[in-house]
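Down below is the structure, laid out as C-alpha cells.
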Amino acid sequence: MLSYKIVRLRGIHSDNYIKKLYRTNPNLKYQSYQMQHDVFTKENITYPTGFSASMNKLGNESYEIYYDCEILQKQWAKENALHYDHNNWQTEIILAQLRSLQPDVLFFQDIYSMPPEIRTNIKVLVPSIKLKVIHKGYPGETRDLSDGDILSVSSPILFYRYKELRPHLIYHSFDDSILTQLNNQQYIPIQKPIDFSFFGNVRPLERRYWMIRKLLELTNIHVWGYEPAIKEKINLNRKLTIKKVLRSNVKKILMILNDTGISTLKSVNFVPKKLKTLIQEVDDSLKEHNKEINYRLDTDYPVNKTLKEIYPDRCHEPVYGIEYHNLLHNSGIVFNMHSSAAKNTVDNMKMFEITGVGSCLITDTGSNMQDIFEPDKEVVTYSSVDEALEKVNYLLDHPDEAQQIAKAGQARTLRDHTIMNRCEQIDEVIKKHLA
C-alpha cells in the first residue's frame, strides 16, 4: 500500500479554553461542523495541528477528530442524524465518525478518547481499521499499551519502560505554519517584548515549583500557567507525605513517586521488601536515563500562599494556542524545566515551540540532549539552580548573544524538528507495517 487513509484522535484537554473560544466567537456554535473544526485547527491548541496537512503532503488522506469538544462533536452528530446516548456521547460519536470515514490507520494522539475496552476492540467495531498506532509523550505513563500495532513515544524513559513492545522514539515537534500566523499583525497585541518568561504548570512539592519560586524571587521572570489553590499548609516532609498516602490510598503511590523521586521511597523503612525490590528493578532497567538530578533547590520555604498571591504582577493565568505562541514569540528568553517524571532526560514539547518561534531557550539538560540540540549554542542548558541563575543573568546582560543562540536554535528546529519531519518518520513506520 503506497498511501492510506488515517484519522488522528486528539483532545483539547481544557474546558476553560473551549468555553473561552466559543465566548469570544458567539456565533461559532451555530456554524457547521467543518467551520467549527477549522477554527480549532487554526488556533493551534495542544498538539501540532499540521499533522494532517503533513500527512496529506506525503500522499495520504488524513483527518482529525477533536474528541473532547462537546459542541463540535454534537454538531457532527446533528448533521449526520446520529442518535446517541447523552451519557456516552463521546464514544458513540467517535465510533460513528470512524465508521463514516473508514480509515486504514487510527492514530491515538493520546489514549483518553475512549475506554480501554473500546480501544482494544476498535478493529472489530470499525472493520476498515488495519493498523492502530498509539502515541505517548508523558514520561510518567505506566498503563498497558500493548494493544497497539505501533507504539510511538516521545520520551527515552518510555522507550526503555516499554521496550518489550518495540516502541519507536519519535520526539515532539514544532508546527512551522504558526510562523505565518504570527506574522499577521492581529496576533501581536503586546506593547513591549518580555525579557524573561516561563509557561507551564507550577504545583507545590514538584521540583519545578521550587525552581520557579526562586526565579521569581531573584529575577524579573513573568510566569503564565496553572497553579492549584493552597487549601491547607502543605507538609514538606517528603517521607511523612509518602507514609500518609501509602496508608490512605495506594493508587497515589505513582503520583508521589513523580513528585518526590524513587530514591526517597527506597529510603523509607516501612516499605515492604518486595516493593523495594520491584522499584530497584525498574530503576536499574532505565540505566542512566533514570538518574535523578540534584538541582540544589531550597525546599524549606513555607507554602501558605500561591505564587500568584506572592507575585501578583508577574504570575498570570495560563494561555493556549496562538495566544501562547505569540507570547513565546515576544519573549527574549524563555525558561523550561521538565516534569519530575522525565528524570535525567529531555523531551517536552516546549523545547521545540520556544526555539521554533525564535526565542532563546534556557532548559534543564539530560542524557539525550545532544540528540536534539547542541548545548549552549542552539539552546542554553543548566543542571542546578545556581547555574540557571548565572546563565539567565548573563543572557539578560548580553541580549546579542541570546539572540544569536535563539537564531541557531530556530534554524535547528526548522531543519530537524518540524511536524513534517516527524510525520515522515511516522509515515515510514506505518508503510512498513501495511506492506
Side-chain angles (χ1 to χ4, degrees), residues 1-13 18 21 28 31-82 84 89-114 118-119 121-137 148-150 152 170 173 175 177-178 321 418-431 433-434:
M1 178 180 287
L2 297 179
S3 62
Y4 49 86
K5 184 185 290 187
I6 182 171
V7 171
R8 179 170 71 150
L9 294 177
R10 51 163 309 170
I12 302 297
H13 304 306
I18 293 173
L21 188 61
L28 182 60
Q31 303 300 318
S32 69
Y33 170 80
Q34 191 58 56
M35 290 184 69
Q36 293 185 44
H37 192 282
D38 289 346
V39 169
F40 276 96
T41 299
K42 290 177 182 177
E43 281 293 304
N44 284 288
I45 182 71
T46 60
Y47 313 105
T49 54
F51 179 92
S52 282
S54 298
M55 280 295 185
N56 289 336
K57 287 180 181 177
L58 292 170
N60 304 303
E61 188 178 345
S62 183
Y63 299 89
E64 310 249 335
I65 295 177
Y66 296 96
Y67 65 82
D68 60 351
C69 183
E70 186 171 359
I71 295 175
L72 175 67
Q73 287 294 86
K74 288 184 176 180
Q75 179 61 33
W76 186 92
K78 180 181 178 181
E79 292 177 8
N80 289 271
L82 174 69
Y84 53 86
W89 65 267
Q90 184 169 298
T91 299
E92 291 188 11
I93 295 175
I94 290 172
L95 289 174
Q97 289 172 312
L98 292 175
R99 288 168 182 148
S100 175
L101 289 168
Q102 296 187 0
D104 303 300
V105 181
L106 181 58
F107 188 99
F108 287 87
Q109 182 66 60
D110 55 53
I111 57 174
Y112 309 113
S113 54
M114 57 182 65
I118 301 294
R119 189 186 80 225
N121 294 299
I122 194 66
K123 289 183 180 180
V124 175
L125 296 168
V126 186
S128 70
I129 297 173
K130 301 178 180 66
L131 201 63
K132 178 169 49 174
V133 183
I134 295 177
H135 177 82
K136 286 305 299 183
D149 300 301
I150 297 172
S152 164
I170 300 176
S173 62
D175 187 347
S177 68
I178 289 169
T418 65
I419 184 63
M420 176 57 85
N421 294 135
R422 302 300 184 250
C423 283
E424 288 174 341
Q425 291 178 267
I426 296 167
D427 182 61
E428 182 179 357
V429 173
I430 288 174
K431 285 179 177 176
H433 277 73
L434 290 175

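From a predicted model like this one, the values you see are computed outputs, not experimental measurements.
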Taking [X] for its side chain and [Y] for its backbone only, find out whether a donor-acceptor pair lies under 3.5 Å.
X	Y	answer
K123	L131	no
K74	W89	no
S100	A96	no
D68	G11	no
D427	C423	no
E79	Y33	yes
Q90	S113	yes
D104	K5	yes
R99	L125	yes

- [ ] Using a strict cut-off of less than 4.0 Å between a Lys/Arg side-chain nitrogen and an Asp/Glu carboxylate oxygen, indicate whether D38 and K42 qualify as a salt bridge.
- [x]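 No salt bridge links D38 with K42.
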Open item on the list: Could you work out, with side chain to side chain donor-acceptor pair (under 3.5 Å) as the rule, every residue matching S52, not counting sequence neighbours?
Closed with: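 Partners of S52 under the side chain to side chain donor-acceptor pair (under 3.5 Å) test: S62, E64.
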Task: Contacts of type ring-ring contact (aromatic ring centres under 6.0 Å, His included), residue Y112, not counting sequence neighbours - done: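 Scan of Y112 (ring-ring contact (aromatic ring centres under 6.0 Å, His included), adjacent residues dropped) gives none.
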TODO: Going by the side chain to side chain contact (heavy atoms under 4.5 Å, CB included) test, name the single residue among I150, V7, I426 that passes it with F107.
DONE: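 By the side chain to side chain contact (heavy atoms under 4.5 Å, CB included) criterion, F107 pairs with just one of I150, V7, I426: I426.
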